[in-house]
Amino acid sequence: MFFRTATRVSLPALALVLLGALALGAWLRFDRIGDRPMHTDEAVAAAKLGILIEDGTFQYDPHEYHGPALPYLGRVAAWLRGEASYQELDEATLRAVPAVLGLALIAMLAFAASGLGREGVVGAALLTAVSPMMVYYGRYYIMEMALAAFAFGMILCGWRYYLTRSAGWIVGAGIFAGLMHATKETCVINFAAMGAALLAARIMAEFSAGLRVQRGRQRGRATRHFLYAALAAAAVSALLFSSFFTNPQGPLDSVTTYLHYLDRAGGEGHEKPWWYYLKLLWGKRDGIYWTEAAIVILALIGAGNAFFGKTLHRGEQHHFKRFIAIYAFVLIVFYSAISYKTPWSILCAQHALILLAGVGAGWLIEDMRNRWALAAALLAFGAILYNLAIQSRKATLLYPADQRNPYAYAHTSASLPRLVEKLNALRELNGGELKVQVVHPESGWPLPWYLRTWATAGFRPTTEPGDGIEDADVIIIDAAHAKELSGRLEAAGKAFKSSFG
């Protein structure tokens, strides 16, 4: 058969599947990518990118927000699209960054065949392409997709180093580690999970036949190589945090941030029970049914293959599979134990589960010797892919900002763009000028994004006597301040309407 050569996927078939997965993944990620209303986090990150584009530097804030990797990637996207200012940016430019990184997760699987097996790569590529969580956040201008892509790059480089002992691969792992640190502070959880998985897999490997243990000169060479990796990681991180030497305080701030960042683990309004992520992965029914349970089940089967499958002809491959299984488990335990929970935080663990699910699917299909059983298994896997792809379309196009969508967390209402349309219509009726004041404790995000081209729009957290807010043509205000403002407007002889109706 074209897709099987002595129970192995042929190289032409593997290349064809990877190309198909990339095409499918691109369609799901890029189709109408700019339609969804901007989430507050996206809008704030876009404002940071705007400063980088216009001022040429990134000032890292150790108390808030995240690292410089995403803004610099956004700057590349803006340059490619000819957008030279904050005002020229658009949603498609921003979201192209995570979309490309999501496709990179598929492309990088070309280097994973020695660890996952060709069958595992086929399954993982197709599942990565259609997973609703991967697709939805592959259209979200936040840090998590970058963190997942860089983490996978680090793991693959580490694996290739294990196989070849080439210094180039371990330096590559260091570069990806530096990129992870420059992306988001929670990279330390990934590093801890990788360390735990490496140690556990190593201990298990000690009891496996044929393990090549480094000794003497080889061990000394490995120490030098890991030093190279550490230097590469530090150099990449420092280069980005210093904004290419324009912000010398940045690298130090990237370390001291952890003195403040630990406070966030308590929740800060995002407290969830420990089972939140398990429920998110398994499924939710809220008028619409969402589930990635098939990926979870296949991942459990893949873990079974890693720990209990035959290792006679592919022993080293099982070391990699076991590493991925332990890595996924430790990540889920870490994030489940932390009170602070948002659905995108689990993206790296979800990607690791998808890798295991690919192994599980490949193992089941590979073991089918009867052609009818094989056909039934392929049809079942195809049905799983179809169901996940349909869910991805629903999540991204039909219910992208709906509260029933489990991935649309604390999302901007779909009515906000209509408010902006009415403001634009009022400005035209007013001769092209309209003074707008937005009063909100958090400055009304994402409205600053939507009104970024308005020189006559102002944003403030509160109102104060004598601030002149009564002079605005339109005031958009948080409900907590509406009563006080209505009295001030009436005293100034101005009409007050509570909403646009």
Side-chain angles (χ1 to χ4, degrees), residues 1-22 24-25 103-131 134 148-149 151-153 155-160 162-163 197 201 204-205 208 292 294-329 348-369 374 377-378 380-382 384-385 388:
M1 293 181 65
F2 178 68
F3 281 95
R4 293 170 65 81
T5 304
T7 75
R8 298 293 300 275
V9 175
S10 67
L11 279 175
L14 180 63
L16 182 62
V17 170
L18 285 174
L19 289 174
L22 283 169
L24 177 60
L103 295 179
L105 286 173
I106 299 173
M108 284 191 289
L109 284 165
F111 298 94
S114 58
L116 299 177
R118 292 182 187 174
E119 298 85 353
V121 166
V122 166
L126 293 170
L127 289 170
T128 303
V130 300
S131 161
M134 300 301 291
F152 190 39
I155 288 170
L156 284 178
C157 286
W159 170 243
R160 299 300 302 178
Y162 170 78
L163 295 177
M204 285 185 286
S208 299
E292 297 196 44
I295 289 176
V296 176
I297 293 170
L298 287 172
L300 291 174
I301 294 172
N305 171 260
F307 290 104
F308 307 111
K310 294 179 180 179
T311 62
L312 293 178
H313 64 296
R314 281 178 285 175
E316 287 185 334
Q317 198 176 96
H318 280 70
H319 301 330
F320 184 78
K321 294 175 184 177
R322 288 170 181 171
F323 172 89
I324 295 296
I326 299 166
Y327 172 65
F329 174 77
C348 288
Q350 167 69 349
H351 179 247
L353 288 177
I354 287 174
L355 297 179
L356 284 175
V359 171
W363 187 31
L364 290 177
I365 293 172
E366 182 184 8
D367 278 357
M368 297 296 176
R369 297 292 183 262
L374 175 61
L378 289 172
F381 186 60
I384 289 172
L385 295 175
L388 292 172

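- Within 6.0 Å of CZ on Phe381 lie more than 12 heavy atoms contributed by other residues, nucleotides or ligands.
- Remark: the Arg160 side chain and the Ser114 side chain contain an N/O donor-acceptor pair separated by less than 3.5 Å.
- To the nearest 0.5 Å, atoms CG (Leu356) and CZ (Phe329) are separated by 12.5 Å.
- In this structure, the separation between CD1 on Ile326 and CZ on Phe307 is 4.5 Å, given to the nearest 0.5 Å.
- Using a 4.5 Å heavy-atom threshold, the side chains of Leu105 and His351 count as touching.
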Which donor-acceptor pairs under 3.5 Å do the side chains of residues 121-131 make with protein atoms, sequence neighbours left out?
residue: Thr128; atom: OG1; partner: Ala124; partner atom: O; Å: 2.6
residue: Ser131; atom: OG; partner: Met134; partner atom: N; Å: 3.4
residue: Ser131; atom: OG; partner: Glu292; partner atom: OE1; Å: 2.8
residue: Ser131; atom: OG; partner: Gln350; partner atom: NE2; Å: 3.3

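- Counting only heavy atoms from C-beta outward, the side chains of Leu24 and Leu385 never approach each other to under 4.5 Å.
- Under the 3.5 Å distance criterion, the side-chain polar atoms of His318 are matched with a main-chain donor or acceptor of Asn305.
- Within the 4.5 Å cutoff, the side chain of Ile365 has heavy atoms near those of the Leu374 side chain.
- Summarising the geometry, atom CG belonging to Leu300 is positioned 8.0 Å from atom CG belonging to Leu353; distances are rounded to the nearest 0.5 Å.
- In this structure, the separation between CG on Leu109 and CD1 on Ile354 is 10.0 Å, given to the nearest 0.5 Å.
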With side chain to side chain contact (heavy atoms under 4.5 Å, CB included) as the criterion, how do Ile384 and Ile295 come out once you've worked through the C-alpha distance, each side chain's angles and the decisive distance to 0.1 Å? CA-CA 9 Å; Ile384 289 172; Ile295 289 176; 5.9 Å; no
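- Atoms CZ and CH2, from Phe323 and Trp159 in turn, are 10.5 Å apart once rounded to the nearest 0.5 Å.
- Here the shortest heavy-atom pairing between Ala352 and Ala328 reads CB-CB, 3.6 Å.
- Contact between Tyr327 and Cys348 at its shortest, heavy atoms only, is OH-CB, 4.3 Å.
- Using a distance-only test at 3.5 Å, with no hydrogens or angles considered, no donor-acceptor pair links the side chain of Arg322 to the main chain of Ala201.
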